[in-house]
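Below is one structure; the comments refer to it alone.
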Amino acid sequence: MKRLLALLIALAVHLLTLAFFVLGGWLVLAHLDSLVGWLFGAVSLAIGWALRPRLAGLPADAEVLDRASAPELHGVAGRVADRVGVRRPEKVAVRDLAAETRYDRVGLRRTPVLAVGLPLWLALPPRQRVALLARAYAAAPTGRELVVEGALGTLETWRDALLGAEPLQVREEAQAKIAASSLGAMDHPGTTYEAAGFVGRMLGRVLGGPVLLVRYALTRLAAADESRILARRRALALRAAPERDLADLNAMAAGGYLAPMQAAALRGESVAAIREGALDRSRLADDGVLVTPPGCDLLGMPDSERVDQELSAHYRRAIGGFGLIS
């Protein structure tokens, strides 16, 4: 019931945004010879544009690798996607300084894109690399989740527009200086500005009340569904990676993997030496015993090494910036 109610509220928010576009288009097209119609139509279209749901996009620091330059990386990305049950990524990209690996559907065409964070990827053995990809694929939101997330973003824009506006600090400082240098309290031009600002803030609070109520209700309903979403993601990830590999991945991603690689980079070690040191740390338990075989059916050790060869130039560039990661 809560999921249905959240979906209905989110759809109502999106319909309101659509209504601004429809109203703006009608005002312009039905009053082509009217300046007032064009003015109000443009305002309505501008409001609709500001409230539109934001589509996911490729991160600015991501570099897309075509299949010819990285066939092994594309291959393992596709195999894990098939096992999890999501669309294979049409584009695979790498990010030098971002540890997170993300799978998104970007643009109007909803193109599936995988962006691999190189710092964590470099430190992982093959089994955890598969777990990393499985977790990224499993985190892709469903259509209903996208609708709710988009509505929350729209409501946040409403809140900022209606309640987030404050008097400009520069304008207030200038007004204070004018007042201080004037002979009388009425000699400076701040009265109209202050009155208009006060009226605008009061109007924003009156209109912002319903927006805050809807935002609060939708946020609570979405939070109530969080446990089900996490369970769904975990079940999807387990299709490609066992529980132990996911747990090991979470332990490594929580921290501790980066500092030894940063120290090795400062010592001037090669990419191969940094990679070998990371593998040695992941293979052995604290007592020096081999934990698990590094490879698995979706990515064996030879295939993982070929992926490293494809990414060697990107590794060298990324390692140069490891000191910037905190």
Side-chain angles (χ1 to χ4, degrees), residues 54-77 80-81 89-107 111-141 233 237 241 245-246 248-282 299 304-326:
R54 279 16 178 210
L55 298 175
L58 194 66
D61 60 340
E63 180 181 351
V64 177
L65 307 179
D66 57 38
R67 187 173 294 274
S69 64
E72 289 295 338
L73 180 59
H74 277 265
V76 65
V80 178
E90 294 183 17
K91 295 181 180 180
V92 176
V94 293
R95 303 177 67 189
D96 289 356
L97 302 181
E100 183 183 25
T101 293
R102 291 183 57 87
Y103 172 76
D104 291 304
R105 296 178 177 88
V106 304
T111 303
V113 175
L114 176 69
V116 178
L118 290 183
L120 181 55
W121 179 267
L122 177 61
L124 295 176
R127 298 180 69 91
Q128 277 68 51
R129 285 180 169 180
V130 170
L132 179 68
L133 295 179
R135 189 177 67 177
Y137 289 137
R233 292 177 178 178
D245 290 349
L246 291 172
D248 291 342
L249 171 64
N250 290 335
M252 290 193 66
Y257 73 93
L258 184 60
M261 294 197 302
Q262 289 175 320
L266 290 175
R267 292 193 298 269
E269 294 185 14
S270 65
V271 172
I274 293 174
R275 170 66 177 161
E276 189 61 33
L279 285 178
D280 289 342
R281 288 187 294 273
S282 65
L299 182 64
S304 184
E305 291 174 350
R306 284 192 289 270
V307 171
D308 291 331
Q309 292 174 4
E310 295 171 354
L311 298 178
S312 58
H314 303 281
Y315 287 155
R316 285 193 293 272
R317 184 183 64 199
I319 286 172
F322 275 9
L324 301 176
I325 305 175
S326 57

Among all residues two or more places apart in sequence or in another chain, which pass the side-chain contact (heavy atoms from CB on, under 4.5 Å) test with Ala272? Ser270
When you compare the side chain of Gln128 with that of Leu120, does any pair of heavy atoms fall below 4.5 Å? no
Tell me, with the steps shown, if Asn250 and Arg135 meet side chain to side chain contact (heavy atoms under 4.5 Å, CB included). CA-CA 10 Å; Asn250 290 335; Arg135 189 177 67 177; 2.7 Å; yes
Heavy atoms only: give me the nearest Asp104-Ala56 pair and the separation to one decimal. CB-CB, 4.4 Å
Between Ala264 and Ile274 the two heavy atoms that sit nearest each other are CB-CG1, 3.7 Å
What are the two closest heavy atoms between Leu122 and Arg275, and how far apart are they? O-NH1, 2.6 Å
How far apart are the closest heavy atoms of Ala241 and Leu246, and which atoms are they? O-CD1, 4.0 Å
Do Leu133 and Trp121 come within less than 4.5 Å of each other through their side chains, counting heavy atoms only? yes
Where at least one partner belongs to residues 251-262, residue pairs that pass salt bridge (Lys or Arg N to Asp or Glu O under 4.0 Å), sequence neighbours excluded: none
Write down the atom of Leu124, the atom of Met252, and the distance for their closest heavy-atom approach. CD2-SD, 3.6 Å
Atom of Tyr137, atom of Ala81 and distance for their closest heavy-atom approach: CE1-N, 3.4 Å
Going by the salt bridge (Lys or Arg N to Asp or Glu O under 4.0 Å) test, which pairs reach into residues 251-269, not counting sequence neighbours? Arg267-Glu269
Residue that, paired with Pro125, satisfies side chain to side chain contact (heavy atoms under 4.5 Å, CB included) out of Val130, Leu279, Asp248: Leu279
Would you say Glu72's side chain and Glu310's backbone share a donor-acceptor pair under 3.5 angstrom? no
